[in-house]
Number of protein chains: 2
Amino acid sequence: MAVTNAVEPRYAVIKRYIREQIEQGLWSEHHQVPSENSLGEQFSVSRMTARRALQELTTEGVLVRHQGLGSFVAEQKPVGSLLEVRNIADDISQRGHRYSNQVLLMETCCAAADAALALDLPPGSELYHSIIVHYDNDLPVQWEERFTNPRLVPDYLEQDFTALTPNRYLTQVAPLTEAEHTVEAVLATDEQARALQIAQPEACLLIKRRTWSSRGAVSYARLLHPGSRYRLGAQLSMNRN
Amino acid sequence: MAVTNAVEPRYAVIKRYIREQIEQGLWSEHHQVPSENSLGEQFSVSRMTARRALQELTTEGVLVRHQGLGSFVAEQKPVGSLLEVRNIADDISQRGHRYSNQVLLMETCCAAADAALALDLPPGSELYHSIIVHYDNDLPVQWEERFTNPRLVPDYLEQDFTALTPNRYLTQVAPLTEAEHTVEAVLATDEQARALQIAQPEACLLIKRRTWSSRGAVSYARLLHPGSRYRLGAQLSMNRN
DNA sequence: TGTATATAGTTGTATATACAAGTATTCTCG
DNA sequence: CGAGAATACTTGTATATACAACTATATACA
């Protein structure tokens with residue numbers, strides 16, 4: 001393969017610069033980025049070229065622009081409508097219900113094959129392991145079993161997850177850049193059925209979620225929902241109209 | 001509410017013109033649209049303004065452009081990564097497996113409450129009703145129960161669905177513009193378990209899919225997959241990088 | 001015939017310019 | 001002090017121009 005010798009267009013240089021400022025945390029959400037004119041001076045390009053960089057970053061959702069005001073770093077939101085990385089506590093409060101949870105387990109364990117694979121770690125590595133049941137108005141709606149990479153989140157076990165969801169805590173200490181979900185249907189184990197207060201046999205939705213931050217795979221969670229108390233939804237429309 | 005008095009920018013006029021040509025079927029997929037220069041002449045604007053229209057339609061996925069060649073109408077693809085409207089027959093062939101199916105039922109029935117609601121029809125309306133089991137290498141992987149609006153697809157019952165999947169047939173006669181999915185976990189009924197050749201009890205993924213064409217709600221399908229033979233997957237990444 | 005070369009047409013990048021329009025601040029005047 | 005006007009700065013729209021890069025076709029030549 002030949003090295004691509006293509007020169008990077010000037011507007012791309014500006015785009016890259018802005019992205020870097022944001023990724024390095026120098027410009028956080030709602031920070032005002034330089035104006036078209038000042039970027040033009042800074043990079044010795046015309047206003048229209050600087051404008052193009054800002055414009056494209058806007059359509060890509062990195063910036064928001066307001067006429068008369070300026071350009072600002074956008075709030076970071078996940079793309080993809082169906083399976084966003086949501087915090088179940090927020091979902092429940094948003095419905096106007098009371099959220100609570102119970103921590104069943106917090107431990108250090110040795111990675112089994114599947115968890116090690118999911119976190120890109122060698123089998124037998126030390127992992128943090130937690131099991132939490134989430135309640136919606138005292139009705140259990142999710143069994144969360146989670147494996148977390150101790151190198152990226154060293155103080156995971158010291159957290160009080162009745163106050164702050166693991167999901168929320170993790171997104172704070174290791175802002176996630178990527179996520180992967182799979183959805184399948186399984187029967188609950190007896191232990192899970194007891195914790196979720198469901199009769200056996202019961203079909204459950206099992207969502208496996210892997211999340212990455214810029215430093216690597218952070219966490220691997222298995223989220224089990226009683227089939228009778230949970231569903232996923234998605235709308236989609238075609239490109240046209 | 002005051003009527004928006006804002007004048008439509010010139011580039012927006014050109015965008016609208018192009019979208020209309022496509023929506024009316026005058027320009028179909030891969031059709032070459034006028035060049036920047038000729039659009040500029042046609043609408044009495046500069047090339048850069050015509051260019052902007054083409055450019056934006058490209059980022060919106062309506063057109064594709066190739067340097068030196070021209071601009072072309074893009075293939076219509078659904079947006080949203082997870083639950084596209086896929087044809088299970090295509091999925092199976094794509095994996096290199098052999099696809100087959102068995103039609104268990106084809107009838108006219110009176111809409112039950114849920115089906116009527118799903119298709120925006122009054123309860124008791126006449127509906128087409130079909131049940132088909134889809135096989136991957138002779139292993140049943142999907143139980144498809146479908147209700148179809150006879151006013152939009154009058155000759156549904158005359159089709160030979162062993163040759164052409166309902167999904168594929170419907171997208172041909174009534175190109176879909178919108179779709180809605182829900183995903184839940186349920187236990188298979190005895191009838192479904194027999195048809196899918198699964199042991200009881202078995203957890204199954206139930207996907208409910210409603211599809212619309214420009215003329216209204218076309219079809220409501222319940223797609224049941226054995227939990228042990230099916231899963232859904234989705235990747236998503238954040239706005240940045 | 002086959003292979004370069006020229007050419008015409010397309011999109012891509014970049015600039016300079018002009019004016020419109022929205023926002024916030026400052027200034028002026030009653 | 002308050003209200004309106006002037007202002008400075010921002011993004012938005014539109015144009016004219018120049019050249020680069022890519023593609024397909026036509027042409028010239030060996």
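So that the names make sense, note that chain A is the first sequence line, chain B the second, and so on, each numbered from 1.
- B:N101 places a side-chain N or O within donor-acceptor distance of the main-chain N or O of B:F161, the cut-off being under 3.5 Å.
- In this view, A:R52 and A:Y11, A:E56, B:Q55 satisfy the side chain to side chain contact (heavy atoms under 4.5 Å, CB included) rule, not counting sequence neighbours.
- Heavy-atom minimum distance, A:V64 versus A:A74: CG1-CB, 4.0 Å.
- B:D114 pairs by the side chain to side chain donor-acceptor pair (under 3.5 Å) definition with B:R222, not counting sequence neighbours.
- Not counting sequence neighbours, B:L117 has no partner by the side chain to side chain contact (heavy atoms under 4.5 Å, CB included) test.
- Ring geometry for A:F43 versus A:Y17: interplanar angle over 60°, hence perpendicular rather than tilted (30 to 60°).
- Every side chain to side chain donor-acceptor pair (under 3.5 Å) that A:H97 has, sequence neighbours left out, goes to A:D136.
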Check: Just by protein heavy atoms under 4.0 Å, how would nucleotides 9-17 of chain D read 5' to 3' in B, S and -?
Finding: -BBBBBBBB
Note to self: Both atom distances under 3.5 Å, Watson-Crick or G-U wobble: I'd like the secondary structure of DNA chain D as a dot-bracket string, with | for pairs made across strands.
What the structure shows: ||||||||||||||||||||||||||||||
